[in-house]
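Report on one structure; see the data block that follows.
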Amino acid sequence: MVSTSPSRELLVGRLRSERSGRAARIAGPFTPILLLLVWEVASRSGVLDARFFPPPTSIVGTFADLVAAGTLQNHALATLSRVGVGLVLGAVPGLLLGIALGAVPLLRALFGPIFASLLPIPKIAILPLLLLIFGLGEASKWVIVAIGVFFYVFYNTMGGVLQIQPIYFDVAKSSGASRWRTWTTVALPAALPSIFTGLKLSVGGAFVIIAASEFVGSRTGIGYLIWSAWGTLSVAKMYVGIVTISLLGYLAGLLVALLERRLVPWSRQ
């Protein structure tokens, strides 16, 4: 008689796995709350140094004060405007050049080494040069964000085009499609998943770059808020700035993901 114990054990194991996964999904959203509670208790009991890790309740109070005064909104709008302009200035040429170099081997051979040599340069390291050229105004901040965004979009776009099967280009060519029509109807749609990957990365990178650039030569922005709070040892205000820019980056990433689901429905997993 054939034993069924292995099958029974396998079924029991699957049921346990499903139950544990369900429990993890239910408990997952409450994990940050538990972490904040532990932080609150540890800070107020002296386990954590309240000078560097103030209780979350005091951070929330500082957040409310900044919102009530309109200070946080003004700084957030300044940062968002700089990120938005920088994204456009960097993503558009990154998209166009990525498609061009991905689709035309000659352009890739001529200009590929130039971009490859510029890529390793830390983008924030050229901020002093940009300040000399564009001054302390908005232009220098737009450009530094645009430079960082460009490389994310450019390399992901070019990589997406290079992954296209050559037969698609051959079919377009044999159908009499012009080079421009081939790029817009073949290369661009096929590269869209990679392009959106680059956009997601560039959004996160843009907030990192703009925060660092606002430390210097700026009187507005979340980066300035963090830096000025450091200068006055207002640690709770520093945490407000850090959490705010993290939240802005997260929401911007969600917006790009929503746009991707609308424009590239075939890339859904």
Side-chain angles (χ1 to χ4, degrees), residues 80-124 126 130 141-210 213 248-269:
L80 285 174
S81 66
R82 291 161 184 162
V83 169
V85 174
L87 278 171
V88 174
L89 293 178
V92 172
L95 174 65
L96 296 177
L97 288 174
I99 294 176
L101 269 69
V104 183
L106 178 61
L107 293 178
R108 190 163 61 252
L110 289 175
F111 299 104
I114 298 176
F115 294 119
S117 63
L118 295 175
L119 176 63
I121 300 175
K123 306 308 173 283
I124 201 64
I126 63 175
L130 296 179
K141 298 169 183 59
W142 296 341
V143 173
I144 191 65
V145 172
I147 291 173
V149 167
F150 170 83
F151 284 98
Y152 283 117
V153 176
F154 168 73
Y155 274 105
N156 279 277
T157 301
M158 186 172 66
V161 174
L162 290 174
Q163 292 176 2
I164 302 174
Q165 297 295 329
I167 189 173
Y168 295 129
F169 290 108
D170 295 337
V171 170
K173 185 177 181 180
S174 63
S175 301
S178 64
R179 178 162 293 182
W180 172 254
R181 189 168 182 81
T182 300
W183 288 355
T184 55
T185 61
V186 177
L188 179 59
L192 276 177
S194 294
I195 291 171
F196 273 99
T197 299
L199 286 175
K200 292 174 186 176
L201 293 172
S202 65
V203 165
F207 279 96
V208 173
I209 293 173
I210 195 60
S213 66
L248 291 177
Y250 175 72
L251 293 177
L254 288 181
L255 183 61
V256 174
L258 177 62
L259 186 62
E260 180 184 19
R261 285 196 294 270
R262 294 292 181 88
L263 298 180
V264 199
W266 63 86
S267 70
R268 295 179 184 177
Q269 298 297 326

Say you draw a straight line from CZ of Phe150 to CG of Leu119; how long is it, rounded to the nearest 0.5 Å? 10.0 Å
On the 0 to 90° scale, with breaks at 30° and 60°, tag the Phe151-Phe115 ring pair as parallel, tilted or perpendicular. perpendicular
Heavy-atom closest pair (Ile121 atom, Ser117 atom, distance to 0.1 Å) is CG1-O, 4.2 Å
Can you tell me how far apart CG (Leu255) and NZ (Lys200) are? Round to the nearest 0.5 Å. 12.0 Å
Of all the heavy-atom pairs spanning Gly94 and Val153, show the shortest one and how long it is. C-CG1, 3.9 Å
Measuring from atom CG of Leu96 to atom CG of Leu101, what distance do you get when rounded to the nearest 0.5 angstrom? 11.5 Å
Rounded to the nearest 0.5 Å, what separates atom CE in Met158 from atom CD1 in Ile99? 12.5 Å
Counting only heavy atoms not in Leu258, do more than 12 sit closer than 6.0 Å to its CG atom? yes
Which value, rounded to the nearest 0.5 Å, describes the distance between Phe207 atom CZ and Ser202 atom OG? 10.5 Å
Atom pair CG (Leu130) and CD1 (Ile144), whose distance is rounded to the nearest 0.5 Å: 5.0 Å
Name all residues meeting the ring pair (Phe, Tyr, Trp, His ring centres under 6.0 Å) criterion together with Tyr152; count only those two or more places apart in sequence or in a different chain, and write none if there are none. none
Ile209 versus Gly148, closest heavy-atom pair with distance: CD1-CA, 3.8 Å
Of the non-hydrogen atoms in Thr157 and Ile195, which two are nearest, and what is the gap between them? OG1-CG1, 3.3 Å
Using modelled atom types and a 3.5 Å cut-off, is there a donor and acceptor pairing between side-chain atoms of Arg82 and backbone atoms of Lys141? no
Do Asn156 and Leu201 pass the side chain to side chain contact (heavy atoms under 4.5 Å, CB included) test, and can you show the C-alpha distance, the side-chain angles, and the key distance before you say yes or no? CA-CA 10 Å; Asn156 279 277; Leu201 293 172; 4.2 Å; yes
Where Ala91 and Leu199 come nearest, the two heavy atoms and their spacing: CB-CD2, 4.2 Å
Minimal heavy-atom distance between Lys123 and Ile126, with the atoms involved, is O-CG1, 3.0 Å
